[in-house]
Amino acid sequence: NFRLGTACVASAALLYVLWATTCGGIRRVGPLPPPLFQRESEGESGTRSGIGQFAKPRTRAHGGGVPSPRTRSVLLLADLHVAGPELELDAESNPMDSMSVLKAASRLYHVLEERSRHGPPSLVLVLGDVVHDGLKVLEDPNSAASLQKDLFDKAINGYTIARGLFDELLPGARIMWTFGNHDGLATCGRRSESISRALLARVYRRYFGADPFAVLDDPESNWSFVSLNGLWGPTWDPESPQCNTELASFGAPQLIWLDEVLRERQERGRHVLITTHFPLTATVAHEQGSELSLHRLLEMYPCVRGILTGHFHKGIEWSDVRSGADTLPVITLPAVRYSANNSFMLDLESDGSWSIRDFEQKNKHGARCSLGDHEDAHRGGHHTSDDCGVPLVDHETESVLPPISSMEEFPDAPEFNPEGSCRPLLAVPFFTGSCMPGRIEDNEQACCDILQAAFWPGSSHPFSTCLCIDSFWKAIIRLAYGSGGDQALVNVLTRCDRRGTFLIWPRRRSEEDVGRLAHFHTLC
């Protein structure tokens, strides 16, 4: 029944796409469109690509209210997941996710149409996963050449639909594109089933007039925006021993370029906001050593005022990644794929402060689905048309699981796929079964398998890297281990580390460990 339902929805979606693209007025992407961004040599307001230019070597996000006349307001969108006729049906991990991809183009349409009616923004930041697996058709090594030609020759695909929606509904807007894991294709150990970075760059330029990573100096403010590409480092190189596509990395050329970009903006007194698809908790921190690393660059340049990400599909405000008084807000935004309410306005001030308008209230303090701009944050705000998960945020206390002692007891996604992000009350049962002192000694493998499935750094896992949030860590200790304290939790996670379990948590490591385990060391 589900397969029949998805086929019907897919057919309806394709008819809608055909109508919109041919009769409904959405322009096709035919000849290459002019670049959205000018080169730096054409004026300060332009965007400079990071490709081939390697020779030369902070207010909170939950603000609200009416912006001042001098505030620069920018539209934020994350995880669009627009799909075209090339979509493989029923390919996701659960029915809700499969259905949400089929609805993604319609949700993006409603977001852009509403924004166009209420004062269209002049600048939009898109935080990755623009198209859902648009390149997956190229993973067959025996047909790659013909399939690549077919991809570029098609008048209608996920790329033309996404670009057409923006062109039609926000025709005057400048768009800063960031690209995510669904905008690439890499299979570790299998070069023939991966696509080259040269082809990725060609796709980005062909359909979006964008480079893989870039900087935009906003002519209307003293702000600059840097878009980083987490697919350009060793974790997305199929032949690298560090290959692990669950993690982002940037590569030496991009980091050298970023060093130069930040140095120049700091010298010119500009504030910088960085966009990157993967959260920092799923990003390699020291891939090129301690001197050339994202962590080091963030410490060196106080002009960086914040980082915006997507990927986990829920709203999350992470703990600051800097120590001391000069802290750096890092925010993950929820996906447009799941709700047309998941669009936000970013307000930037000339003093370097910024806020995402009513973020905590609108996003229900961290959720997969958000409230509409005029809804009451104190009522659930759930719409039956949204794909929010189970339990909803207003039913969490009624949905606490019993202790989980084996993978056979691990709940399936249709039954347990929380709308809320990093909720300790919902996470505790994953610790209070086989991971408790006195039980883990005989059930270590079961405990580590459970924790890996729950905390794996991916959007389809219920508590992706939540252990990196200090308040979540402390709540797990209080609710699960009580008098055992911090050391009891550390002992459990250390046991799992020794088994090779893929967990990300705030461990302390020596410089030797950082070098030896670089592909596991993130900004956590």
*Is any side-chain heavy atom of Thr245 less than 4.5 Å from a side-chain heavy atom of Asn181?*
no
_For the residue pair Ser370 / Asn341, report whether a side-chain donor-acceptor contact shorter than 3.5 Å exists._
no
*Arg305 side chain to His271 side chain, donor-acceptor N/O pair below 3.5 angstrom*: yes
*Ile504 versus Trp456: any side-chain heavy-atom pair under 4.5 Å?*
no
*Shortest non-hydrogen contact from Leu273 to Leu308?*
CD2-CD1, 3.6 Å
*Would you check if there is a donor-acceptor pair between the side chains of Thr71 and Glu349 at a distance under 3.5 Å?*
yes
*Would you mind reporting whether Glu287 and Pro234 have side-chain heavy atoms less than 4.5 Å apart?*
yes
*Taking salt bridge (Lys or Arg N to Asp or Glu O under 4.0 Å) as the test, write out the residues that go with Arg115, two or more places apart.*
Asp373
*Have a look at Ser100 and tell me which of His313, Arg107, Arg337 forms a side chain to side chain donor-acceptor pair (under 3.5 Å) with it.*
Arg337
*Considering only heavy atoms from C-beta outward, does the side chain of Trp318 approach that of Pro279 to under 4.5 Å?*
yes
*Would you mind reporting whether Trp354 and Trp223 have side-chain heavy atoms less than 4.5 Å apart?*
yes
_Do Leu451 and Thr501 have side chains that approach each other closer than 4.5 Å (heavy atoms only, starting at C-beta)?_
no
*May I have all residue pairs that pass salt bridge (charged side-chain N to carboxylate O under 4.0 Å, His left out) and include part of residues 228-242, sequence neighbours excluded?*
Arg191-Asp237, Arg191-Glu239
*Given Glu419, which of Arg368, Lys314, Lys364 fulfils the salt bridge (Lys or Arg N to Asp or Glu O under 4.0 Å) condition?*
Lys364
_Name of the residue among Val215, Thr283, Leu258 meeting side-chain contact (heavy atoms from CB on, under 4.5 Å) with Leu228_ = Leu258
*Specify the closest pair of heavy atoms between Phe502 and Glu246, including all atoms of both residues, with the distance to one decimal.*
CE2-CB, 3.9 Å
*Heavy atoms only: give me the nearest Arg270-Ser224 pair and the separation to one decimal.*
NE-OG, 2.7 Å
_His365 side chain vs Gln361 backbone, donor-acceptor pair below 3.5 Å_ = no
*Indicate yes or no for a side-chain donor-acceptor contact from Gln266 to the backbone of Leu262 under 3.5 Å, with no hydrogens or angles considered.*
no
_Trace of the side chain to side chain contact (heavy atoms under 4.5 Å, CB included) decision for Arg190 with Cys188_ = CA-CA 6 Å; Arg190 299 181 182 178; Cys188 293; over 6 Å; no
*Steps toward side chain to side chain contact (heavy atoms under 4.5 Å, CB included) verdict (Tyr159, Val203)*: CA-CA 9 Å; Tyr159 299 97; Val203 170; 3.7 Å; yes
_Distance-only side-chain donor-acceptor flag, Asp486 / Trp473, under 3.5 Å_ = yes
*Stepwise side chain to side chain contact (heavy atoms under 4.5 Å, CB included) test for Leu493 and Leu467*: CA-CA 10 Å; Leu493 298 174; Leu467 290 167; 4.2 Å; yes
*Look up atom OH in Tyr207 and atom CZ in Arg163, then write down how far apart they are to the nearest 0.5 Å.*
12.0 Å
_Among Thr275, Thr276, Asn229, the one residue meeting side chain to side chain donor-acceptor pair (under 3.5 Å) with Thr178_ = Thr275
*Before giving the answer on side chain to side chain contact (heavy atoms under 4.5 Å, CB included), spell out for Phe359 and Ile331 the whole-Å C-alpha distance, their side-chain angles and the decisive distance to 0.1 Å.*
CA-CA 10 Å; Phe359 180 69; Ile331 306 297; 3.8 Å; yes
_NZ/NE/NH1/NH2 to OD/OE distance under 4.0 Å, Glu113 and Arg117_ = yes
_Nearest 0.5 angstrom please: Phe225 CZ to Leu123 CG, how far?_
5.5 Å
*Nearest-0.5 Å distance, CG of residue Leu80 to CG of residue Leu112*: 8.0 Å
*Pick one: which of Asp218, Asp347, Asn222 meets side chain to side chain donor-acceptor pair (under 3.5 Å) with Arg72?*
Asp218
*Calculate, to the nearest 0.5 Å, the distance between atoms CG and CG belonging to Leu77 and Leu333 respectively.*
9.0 Å
*Please report the shortest heavy-atom distance between Trp236 and Gly184, naming the atom on each side.*
CZ3-C, 4.5 Å
*Verify, without hydrogens or angle tests, whether Asn157 (side chain) and Thr160 (backbone) share a donor-acceptor contact under 3.5 angstrom.*
yes
*Considering all heavy atoms of both residues, which atom of Phe472 and which atom of Cys466 are nearest to each other, and what is their separation?*
CD2-O, 3.3 Å
*Can you find a pair of side-chain heavy atoms, one from Asn342 and one from Val111, that are under 4.5 Å apart?*
no
_I want to check something: taking the side chain as every heavy atom from C-beta on, are Phe208 and Val130 in contact at a cut-off of under 4.5 Å?_
yes
*Quick one: closest heavy-atom pair of Gly158 and Val82, and the distance?*
O-CG1, 3.7 Å
*Test Val330 against every option in Ile307, Leu298, Ile274 by the side-chain contact (heavy atoms from CB on, under 4.5 Å) rule and name the one that passes.*
Ile307
*Determine, using ring centers only, whether Phe166 and Trp177 are less than 6.0 Å apart.*
yes
*Going by the side-chain contact (heavy atoms from CB on, under 4.5 Å) test, name the single residue among Thr332, Asp183, Asp79, Thr309 that passes it with His277.*
Asp79
_side-chain contact (heavy atoms from CB on, under 4.5 Å) partner of Trp505, the single match among Thr465, Val490, Thr281_ = Val490
*From Asn363 CG over to Ile356 CD1, what is the distance, rounded to the nearest 0.5 angstrom?*
9.5 Å
*Please round to the nearest 0.5 Å and tell me the distance separating atom CD1 of Ile256 and atom CG of Asp259.*
8.5 Å
*Tell me, please, which residues at least two apart from His132 pass side chain to side chain donor-acceptor pair (under 3.5 Å).*
His81, Glu92
